[in-house]
Structures are given as structure tokens and as C-alpha cells.
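For reference, the structure discussed in these notes is given below.
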Amino acid sequence: MRKIKVDALIVGGGIAGMQTCLDLADQGYQVALVEKEASIGGKMIALSKVFPTLDCCSCITTPKMSAVAHHPNIQLLTYHEVQSLTKIDGHYQAKVLKKPRYLNEDDCTGCRQCEYACPITLPSAFDLDYGATKAVRVPFSTAVPQIAVLDIENCILCGKCEKACPVDCIDFTQQPEIIQIQAEAIVLATGFEITSPFTKKEYGAAENHNVISAMFMERLLAPTGPYGRVIRPGDGKEPDSIAYIQCAGSRDATLGVEYCSRVCCMYAIKQAMLLAGSLPLADITIYYMDIRTFGKGYEQFYQNAQAMGIEFVKGKVASIIEDENHNPVLRVELIDEGSQVVKRTHDLAVLSVGLLPHYDPEAIFQVSLGNDGFVDTPQFNAYPCITGREGIFVAGTSAGPMDIVDSIVMSGSAAAEAAAYIEELRKAPLQQAKSEDVYA
Ligand SMILES: Cc1cc2nc3c(=O)[nH]c(=O)nc-3n(C[C@H](O)[C@H](O)[C@H](O)COP(=O)(O)OP(=O)(O)OC[C@H]3O[C@@H](n4cnc5c(N)ncnc54)[C@H](O)[C@@H]3O)c2cc1C
Ligand code: SF4
Ligand code: SF4
């Protein structure tokens with residue numbers, strides 16, 4: 001079994017995990033980053049632009065992805081997953097599954113000849129199943145590392161990729177491997193998942209293709225998006241009237257998500273401003289319960305959107321039905337107009353979906369979770385990155401909904417806490433050895 005010894009193990013390669021790695025590695029600590037997907041980047045690499053600066057997301061994320069991949073103190077393990085964790089003599093030992101990519105990673109140049117040759121077309125998870133991908137592919141254009149991955153479940157073993165590969169690196173016989181990582185500290189940065197746009201049946205997203213999630217709107221607005229422009233997925237028509245439905249996955253006891261997802265107001269305003277730029281004649285309306293613009297420069301951002309002519313309507317959208325032209329028809333209670341209920345028709349409805357924890361680390365990492373399912377931080381006000389388990393820290397949205405700025409700040413804090421913990425551990429090795437705990 002291959003064994004790796006590092007100072008810190010970071011789990012999850014989104015912006016939080018990458019920043020934690022860089023902050024530790026720049027201080028001279030040896031770090032291993034375990035990411036379950038075939039590329040690092042997390043959700044941020046799929047976004048269009050970031051609020052409140054409207055900087056290009058790829059322009060911020062790709063240099064960090066590249067810095068992680070090329071840092072001499074970071075070992076990047078993509079397509080790996082931690083399977084079990086043991087603590088021996090104050091050190092954590094993780095058994096990590098290396099999932100087969102069915103090709104030789106050292107030889108793959110990311111040239112994509114295999115992808116072009118593959119006859120199997122599949123929905124692209126990166127584009128939320130709207131775009132297409134192949135059974136063997138480089139995960140997306142800005143993926144790091146630029147190494148292909150073969151989806152054996154959907155492969156028909158026709159061998160066309162094998163013939164097309166100029167360096168003969170396809171290997172259908174590759175097997176999963178287990179590696180062992182020893183680390184003194186662990187940082188969980190496993191991020192978030194969006195609430196499903198299909199859960200709230202009243203909004204009809206499962207039946208109406210012109211009711212989409214805000215995450216998909218990010219892909220439509222991104223330069224790397226599936227269609228290269230904003231169109232209705234239902235019929236390819238350019239929308240003239242777009243509605244945002246706020247809290248369409250948050251602050252809703254019927255969905256079991258009672259908390260505010262914190263970023264939805266700001267990303268809806270951001271997308272509305274970007275849409276005003278790409279579709280200047282379109283009317284954009286945001287239906288909201290209350291607008292929460294809490295961060296630095298955020299209130300000004302909201303006011304700028306109002307000045308640009310984006311309509312903000314204080315109203316609760318009860319349901320969305322489809323008219324004969326597949327337009328979403330919203331039934332809205334207008335709170336500022338005596339709670340009268342009206343019907344409003346738009347070309348496209350965007351659900352401002354909320355944030356859920358991506359991964360439950362309780363069984364393997366033995367950290368406790370809060371009532372919302374995110375990793376609990378029992379001393380949140382004094383030590384926001386410290387979990388209930390000694391030596392295990394948390395960064396970014398695995399601790400709860402937050403934006404990119406807060407994720408980055410929390411990652412710096414997690415790196416500092418992890419470094420301090422490692423130094424303490426080294427000062428008192430015997431004392432630590434006594435407190436050993438072992439479990440699978
Ligand atoms: C539609 C939308 C628009 C947004 N727009 C903005 C914006 O403009 N500005 C802004 O500040 N914020 C925005 N946000 C919020 C922003 O996306 C998050 O703040 C940020 O991505 C959080 O990063 P993260 O690293 O915590 O999580 P993630 O990006 O979710 O990364 C977590 C990583 O961990 C990996 N992982 C998960 N489980 C495991 C496991 N068991 N083992 C190994 N790896 C694992 C995942 O594959 C992923 O790569 C937006 C959010 C949404 C939904
Ligand atoms: S062997 Fe599989 S991955 Fe390769 S080209 Fe054929 S279907 Fe695609
Ligand atoms: S597997 Fe071969 S053909 Fe495919 S990207 Fe890698 S080097 Fe290119």
C-alpha cells in the first residue's frame with residue numbers, strides 16, 4: 001500500500017480547501033488535498049462572475065487551482081475519497097480510495113483525442129445535465145489536473161478511445177487502490193450542494209423546462225456555458241422577461257431547510273445585473289420576502305441594481321404553472337399591495353435555490369453536526385473553525401452557508417488553527433500519545 005506522510009490533510013478542493021492548502025503550504029507545511037471529483041475547483045469554477053465586484057470567476061479560481069497543483073508542498077489527490085480514519089499516537093491515519101480513471105494518469109496529456117473519438121454522449125453534470133459530454137472526457141475546459149477520466153458505467157468498451165489515444169494510456173483493467181495518508185491535522189472543506197429545484201412541487205420545475213435553478217443560470221451566463229448565451233432551455237427562445245423567485249429552497253419548513261442560505265439574494269441581484277448586460281431589452285423581476293445584503297459593499301450593489309431598472313417585488317410566489325406557450329405563470333401574493341394575489345407571466349423563471357451540506361463527515365471523521373446538518377463548531381464566536389474533535393478543523397460552506405469572501409477568510413483561519421495545533425502537538429508528543437483513540 002502506498003503511504004503518504006504529511007502535516008495536514010485537507011478534504012475537499014473547492015475554494016475553501018484550496019485556500020487552506022495554499023495558506024498551510026506557504027508556511028512550509030506539507031499538505032495532501034483529497035478531492036472526490038476528477039478536478040479541483042468546487043462550485044466556484046462553475047460560476048459566471050462574482051458579487052459584488054463582478055470579476056470573472058474563472059479568472060480568480062483557475063490561478064488558485066494551478067497554484068495548488070504546482071505547489072511543491074502540496075500533494076493533489078483528485079478522484080480520491082477518504083474511507084476510514086484512525087488516530088494513533090496523536091496522528092491521524094486515513095485510508096483513502098483512489099478511484100480508477102481507467103487510464104494512466106502520468107502519461108495522459110489532456111489532449112482530448114479520446115473524447116472526440118468516443119461515440120457515447122451523456123448529459124454533462126458540470127452543466128447540470130443540460131450540456132453534453134462523453135463517456136471518456138477531460139472533466140471541463142479549465143479542469144485541474146487536465147487529465148481524462150473514463151466513466152466505465154456508461155462505456156460500451158468499443159475501444160475507439162484506446163485507438164485514438166496518441167500515448168496509449170487507456171487502461172480498461174485499472175483497479176481501485178487504497179493508499180494511506182498520515183497527518184497531524186485535518187481540515188474538512190467538503191462544501192455545499194444546492195437544494196433541488198424539483199423538491200417544491202408547486203414550482204413545477206420538473207415539468208416546465210423554463211423554470212430553472214439559479215445554478216443553471218450561472219452556467220448560462222458563464223463564458224464556458226453549454227449554449228454560449230442565455231436562452232430558454234425549453235425551446236431555445238431568448239427570454240424577454242425573467243423572474244427570480246427568492247427563498248425557493250431556504251427559510252421553508254416544508255422543505256426541512258429553515259435557515260437562510262445567505263448568498264441567494266446577492267447572487268440573484270448579480271445575475272439580474274449580468275442579464276441586463278447580455279439581454280438589454282429584457283425585463284427582470286426579483287420576487288423576494290426580504291433582501292439580505294449583509295456584506296461589505298453589498299447594499300450598494302443592491303441599490304445599483306435598482307438604479308439599473310431591475311424590478312424588486314415584495315411578494316411570496318405560491319405556485320408556478322405553465323401556459324400554452326410554455327411560459328411560467330406565477331401566482332404571487334403582493335405583500336406591499338395589501339397582500340392581493342395576482343398572476344404574472346414571464347418567459348423564464350429562475351429559482352433561487354438554497355445551500356445544503358454536500359457531505360456527512362460524522363461516520364468517518366467523528367465530528368458532530370449542527371441541527372442544519374452542517375459541521376458543528378461548538379465555540380463558533382471564539383474559534384469558528386474548531387470542530388468538536390481535536391485536530392479536525394472546518395472551512396468554508398461545510399460549516400454552513402457562506403459566500404466566497406467568508407469561505408476564504410475562514411480558510412485562512414482554519415490554516416492558522418491547524419498550524420498552531422501541529423506545533424502544539426510537536427511540543428508535547430508524549431502527552432498526545434496518551435489521548436489516542438482508534439476506530440475504523
Ligand atoms: C448559484 C450560486 C451563485 C453563487 N454566486 C456567488 C458569488 O457571486 N459570490 C460569492 O461570494 N459566492 C457565490 N456563491 C457561493 C459560493 O459558491 C460558495 O461560497 C463557495 O463556492 C464555497 O466554496 P467551498 O469550497 O466551501 O465549497 P464547494 O465549492 O462546494 O467545494 C467543496 C469541494 O469539496 C468536494 N467534496 C465534497 N465532499 C467530499 C468528500 N467526501 N471527499 C472529498 N472531496 C469532497 C467537492 O467535490 C468540492 O470540490 C454562489 C452560490 C450559488 C449556489
Ligand atoms: S471504449 Fe468506452 S470510453 Fe472508449 S470510446 Fe468506446 S464508449 Fe467511449
Ligand atoms: S487519455 Fe489519451 S487521448 Fe485521452 S486526453 Fe489523455 S492522452 Fe489524450
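Atoms within a ligand are numbered from 1 in the order they appear, just like the ligands themselves.
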Seminar exercise, completed: Across all chains, not counting sequence neighbours, the ring-ring contact (aromatic ring centres under 6.0 Å, His included) partners of Y267 are none
For this session: Please indicate whether any nitrogen or oxygen in T397 is less than 3.5 Å from any nitrogen or oxygen in ligand 1.
Result: yes
For this session: With atom 35 (C) of ligand 1 as the reference point, say which of M44, E81, E35 has the nearest heavy atom.
Result: E35
Exercise. Would you say the side chains of T78 and R101 form a donor-acceptor pair under 3.5 Å?
Worked result: yes
Exercise. Near G110, which atoms of ligand 3 are under 4.0 Å from a heavy atom of that residue?
Worked result: 5 (S), 6 (Fe)
Exercise. Can a non-hydrogen atom of G159 be found less than 4.0 Å from any atom of ligand 2?
Worked result: yes
Exercise. Centroid-to-centroid, Y288 to Y244, below 6.0 Å?
Worked result: no
For this session: If you have a sec, work out which protein heavy atom is nearest atom 25 (O) of ligand 1 and how many Å separate them, to one decimal?
Result: A16 N, 3.0 Å
For this session: Please say whether L355 places an N or O atom under 3.5 Å from an N or O atom belonging to ligand 1.
Result: no
Exercise. Does ligand 1 have a heavy atom under 4.0 Å from the side chain of K36, from its backbone, from both, or from neither?
Worked result: both
Exercise. Just by modelled atom types, is the Y29 backbone N or O under 3.5 Å from a matching donor or acceptor in the D7 side chain?
Worked result: no
Exercise. Between F140 and F126, what is the ring plane arrangement, given parallel below 30°, perpendicular above 60°, and tilted in between?
Worked result: parallel
Exercise. Quick one: which ligand 2 atoms are inside 4.0 Å of a heavy atom on F172?
Worked result: 1 (S)
Problem set entry | Nearest-neighbour protein heavy atom for atom 5 (N) of ligand 1, which is reported as residue plus atom name and distance | K270 NZ, 3.0 Å
Exercise. At what distance is the nearest protein heavy atom to atom 14 (N) of ligand 1, and which residue and atom is it?
Worked result: L47 CD1, 4.1 Å
Exercise. What protein heavy atom sits nearest atom 6 (Fe) of ligand 2, and how far away is it?
Worked result: C158 SG, 2.2 Å
Exercise. Between Y359 and ligand 1, does any nitrogen or oxygen pair lie at a separation below 3.5 Å?
Worked result: no
Exercise. Just which atoms of ligand 1 are under 4.0 Å from any heavy atom in I194?
Worked result: 53 (C)
For this session: Taking atom 2 (Fe) of ligand 3 as the centre, count the protein N/O/S atoms lying under 2.8 Å from it.
Result: 1
Exercise. Below 3.5 angstrom, do we get any N/O pair linking V263 and ligand 1?
Worked result: no
Exercise. Can you find a pair of side-chain heavy atoms, one from I212 and one from L220, that are under 4.5 Å apart?
Worked result: yes
Exercise. So which heavy atom in the protein is nearest atom 16 (C) of ligand 1, and how far is it from that ligand atom?
Worked result: I404 CG1, 3.9 Å
Exercise. Nearest to atom 2 (Fe) of ligand 2, what protein heavy atom do you find, and at what distance?
Worked result: C155 SG, 2.4 Å
Exercise. Checking salt bridge (charged side-chain N to carboxylate O under 4.0 Å, His left out) against E81, which of K98, K99, K95 comes through?
Worked result: K99
Exercise. Looking at E193 and K43, does any basic side-chain N land under 4.0 Å from a carboxylate oxygen?
Worked result: yes
For this session: Have a look at ligand 3 and work out which part of E115, if any, has a heavy atom under 4.0 Å from it: side chain, backbone, both or neither.
Result: neither
Exercise. At what distance is the nearest protein heavy atom to atom 42 (N) of ligand 1, and which residue and atom is it?
Worked result: V11 CG1, 3.6 Å
Exercise. For ligand 1, is any non-hydrogen atom under 4.0 Å from K49's backbone (N, CA, C, O), its side chain (CB onward), both, or neither?
Worked result: backbone
For this session: Side-chain contact test, heavy atoms from C-beta onward, threshold under 4.5 Å: evaluate it for K49 versus D55 and give yes or no.
Result: no
Exercise. Which protein heavy atom lies closest to atom 8 (Fe) of ligand 2, and at what distance to 0.1 Å?
Worked result: C118 SG, 2.4 Å
Exercise. Side chain, backbone, both or neither: which part of I156 comes within less than 4.0 Å of ligand 2 when only heavy atoms are counted?
Worked result: both
Problem set entry | Numbered atoms of ligand 3 (with element) below 4.0 Å of R112, judged on heavy atoms | 5 (S), 8 (Fe)
For this session: Compute the shortest N/O to N/O distance between F51 and ligand 1 and return yes if it is under 3.5 Å, no if not.
Result: yes
Seminar exercise, completed: the protein heavy atom lying closest to atom 31 (O) of ligand 1 turns out to be G14 CA, 3.3 Å
Exercise. Ignoring hydrogens and geometry, is there a side-chain-to-backbone donor-acceptor pair from S250 to C247 under 3.5 Å?
Worked result: no
Exercise. In ligand 1, which numbered atoms sit nearer than 4.0 Å to a non-hydrogen atom of M215?
Worked result: 1 (C), 53 (C)
Exercise. Below 4.0 angstrom, N of the basic side chain to O of the carboxylate: do D151 and K134 qualify?
Worked result: no
Exercise. Do Y259 and F374 have ring centres separated by under 6.0 Å?
Worked result: yes
Problem set entry | For atom 19 (O) of ligand 1, the protein heavy atom that lies nearest, with its residue and separation | M402 O, 2.7 Å
Problem set entry | Atoms of ligand 2 close to L157 [distance to a heavy atom under 4.0 angstrom, numbered from 1] | 1 (S), 2 (Fe)
Problem set entry | Among K314, R344, Q246, K316, side-chain hydrogen bond (donor to acceptor under 3.5 Å, both in side chains) partner for Y287 | R344
Problem set entry | Distance flag, aromatic centroids of Y298 and F294, threshold under 6.0 Å | yes
Seminar exercise, completed: With heavy atoms and a 4.0 Å threshold, my read on which part of Y267 contacts ligand 1 is side chain
